[in-house]
Asker: 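The following block contains the structure, expressed as structure tokens.
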Amino acid sequence: MREESAAGRSATVRWVGDVAGRLELLDQRALPLAVEVLSLTSVEGVWEAIRTLAVRGAPAIGCAAAFGMVIAGRAVSPLSQAAELVARVREAGNYLKSARPTAVNLEWAVNRMQRVAEAERAVGVRALQTRLLQEAQAILAEDRQMCLAIGRHGAGFIRAGMGVLTHCNAGALATSDHGTALALMYEAQRNGMAFHVYADETRPLLQGARLTAYELQAAGIPTTLICDNMAGLIMRQGKVQLVVVGADRIAANGDTANKIGTYCVATLAKAHGIPFVVAAPSSTFDLSLPSGAGIPIEERAPEEVTEGFGVRTAPLGIAVYNPAFDVTPAELITAIVTERGVIAPVDAAHVAATIVDAQLDR
Ligand code: MRU
């Protein structure tokens, strides 16, 4: 039977079979028009799927990369020395990390897999290959539990009759299941709360229009899609009482990188006195960075802006700047909801009190 998410659709990320099996990804490039599943058996295929956003969203990228490490490890002959597997996995890890630089979950998952290979090499190649698959499955299962816990900790931010604005997609499609920002909404819905979501379409790749609108509609949560440049107006019109977004990397002081445009929304929320909440698991924190200034920001191809989805909308030869993420300073963030509880106010001391050990996992 196909594994399905809580929302009843195909799983965002799943492994089929034993060590000799395959990685299946719900191909998000095709949504919402078609439900297609990618079947992957090579490290290069996993890199490509991450790079081209077939799988995207910080936690989902981490889960996919963990299975990429399983694929790297199983390519080694059972007759080889474990050192060969460790070297192969290290090389594949560096390669997978190069697919996308901003979401730290990718690095976190790869490093965790690498540590298992190194620490448990004494068991020999065949047992280590099985052990790597177990670890990747554990990362996937833990992510699911973290998302559910984020939903439980944060659902109280959503009150009856509220308008809730979100940016990009931080839902089940961006995680193993349930999402981070959208986990608050799913939990509030389970609690019988009636509220309305405004989804920013999220230029240039439209994760809000293609993915969040699709996901929330399927879940039966009343949702209105808006262009990114409408957020200020609907705040002024009193339609929004809360903003909730996900995160790709959170520095030690709470500065948060998320999809490009998030900083604009946070600034607008501040100007209108609306709480701005970030939802993310501990695997998204990078305590090695004192502030958001050190977060690497991915720049993507100009064509995403000039001819997104195959239709040219700008003159040939025009200069384009296309950063995929921006950093929202901690002072604009009301609270960060994690699986360990709510961080508020958002500053280095309060982050450290909740995320005491994230640095150990790097
Ligand atoms: O470029 P994407 O689609 O991977 O960007 C995704 C986001 O910015 C999400 O908001 C973030 O990863 C949080 S996902 C729970």
Side-chain angles (χ1 to χ4, degrees), residues 5 12-13 25-29 31 49-65 99-109 143-144 146-151 154 165-186 199-216 228 243-250 256-266 276-286 292 295-301 304-305 308 322-328 333 336-339:
S5 81
T12 304
V13 177
L25 301 174
L26 178 60
D27 190 341
Q28 302 193 28
R29 298 166 300 191
L31 290 173
I50 294 172
R51 180 73 199 155
T52 61
L53 276 56
V55 61
R56 33 66 52 201
I61 292 172
C63 294
R100 296 194 76 189
T102 303
V104 76
N105 308 61
L106 171 55
E107 190 181 321
W108 170 85
D143 185 68
R144 195 182 167 94
M146 287 195 287
C147 289
L148 284 169
I150 287 169
L165 179 74
T166 191
H167 189 75
C168 194
N169 173 264
L173 291 165
T175 61
S176 58
D177 205 356
H178 307 291
T180 54
L182 268 53
L184 275 60
M185 301 175 194
Y186 293 135
D200 277 350
E201 67 175 353
T202 316
R203 281 276 289 155
L205 295 182
L206 306 184
Q207 287 92 333
R210 294 186 301 107
L211 308 176
T212 299
Y214 169 78
E215 206 185 305
L216 292 178
D228 300 336
V243 178
V244 190
V245 299
D248 288 85
R249 191 184 296 232
I250 303 175
T256 295
N258 191 49
K259 178 53 56 192
I260 189 73
T262 302
Y263 170 54
C264 296
V265 178
F276 180 90
V277 172
V278 170
S282 51
S283 52
T284 302
F285 286 77
D286 183 353
I295 298 177
I297 299 294
E298 175 183 9
E299 277 190 43
R300 295 186 62 87
E304 290 183 353
V305 177
N322 184 21
F325 301 94
D326 58 28
V327 176
T328 298
I333 303 173
I336 303 178
V337 182
T338 76
E339 81 280 8

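Atoms within a ligand are numbered from 1 in the order they appear, just like the ligands themselves. Being a predicted model, the structure only gives us computed values, none of them experimental.
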Asker: For residues Thr12 and Ala172, report the shortest heavy-atom separation together with the two atoms involved.
Answerer: OG1-O, 2.8 Å
Asker: If the cut-off is 4.0 Å to any non-hydrogen atom of Gln207, which atoms of ligand 1 fall inside it?
Answerer: 1 (O), 2 (P), 3 (O)
Asker: Going by distance alone, is a donor N or O of one side chain under 3.5 Å from an acceptor N or O of the other, for Arg56 and Asn169?
Answerer: yes
Asker: What is the nearest protein non-hydrogen atom to atom 14 (S) of ligand 1, stated with its residue, atom name and distance?
Answerer: Ala174 CB, 3.5 Å
Asker: Please identify which atoms of ligand 1 are closer than 4.0 Å to at least one heavy atom of Pro59.
Answerer: 14 (S), 15 (C)
Asker: Scan Ile295, Ile333, Thr256, Thr338 and name whichever one has a side-chain contact (heavy atoms from CB on, under 4.5 Å) with Ile250.
Answerer: Thr256
Asker: Is the shortest side-chain N to carboxylate O distance from Asp228 to Arg203 below 4.0 Å?
Answerer: no
Asker: Any N or O on Ala58 sitting closer than 3.5 Å to an N or O of ligand 1?
Answerer: yes
Asker: Are any of the N/O atoms on Thr180, whether in the backbone or the side chain, positioned under 3.5 angstrom from an N/O atom of ligand 1?
Answerer: no
Asker: What's the shortest heavy-atom distance between Cys63 and Asp143, and which atoms?
Answerer: SG-CB, 4.1 Å
Asker: Between Arg249 and Pro296, is there a donor-acceptor pair closer than 3.5 Å when you use the side chain of the first and the backbone of the second?
Answerer: no
Asker: N/O to N/O below 3.5 Å, does that happen between Thr175 and ligand 1?
Answerer: no
Asker: If only side-chain N and O atoms count, and only distance matters, is there a donor-acceptor pair under 3.5 Å linking Glu215 with Tyr186?
Answerer: yes
Asker: Got the closest protein heavy atom to atom 11 (C) of ligand 1, with its distance?
Answerer: Asp248 OD1, 3.2 Å
Asker: Would Asn169 count as a contact of ligand 1 if the rule is a heavy atom under 4.0 Å away?
Answerer: yes
Asker: If you have a sec, work out which protein heavy atom is nearest atom 10 (O) of ligand 1 and how many Å separate them, to one decimal?
Answerer: Asn258 OD1, 2.6 Å
Asker: From the options Ala247, Ala103, Gly171, Ala183, select the one whose nearest heavy atom is closest to atom 13 (C) of ligand 1.
Answerer: Ala247
Asker: Report yes if some N/O of Phe325 lies less than 3.5 Å from some N/O of ligand 1; otherwise report no.
Answerer: no
Asker: Taking the non-hydrogen atoms of Glu298, is any one of them nearer than 4.0 angstrom to ligand 1?
Answerer: no
Asker: On a heavy-atom basis, I'd like to know which of Arg300, Lys259, Arg56 is closest to atom 1 (O) of ligand 1.
Answerer: Lys259
Asker: side-chain contact (heavy atoms from CB on, under 4.5 Å) with Cys168: which of Val265, Val245, Thr202, Asp200?
Answerer: Thr202
Asker: So which protein heavy atom does atom 2 (P) of ligand 1 come closest to, and at what separation?
Answerer: Arg100 NH1, 3.6 Å
Asker: Give me the one residue out of Val13, Leu26, Leu173 that meets side-chain contact (heavy atoms from CB on, under 4.5 Å) with Val55.
Answerer: Val13
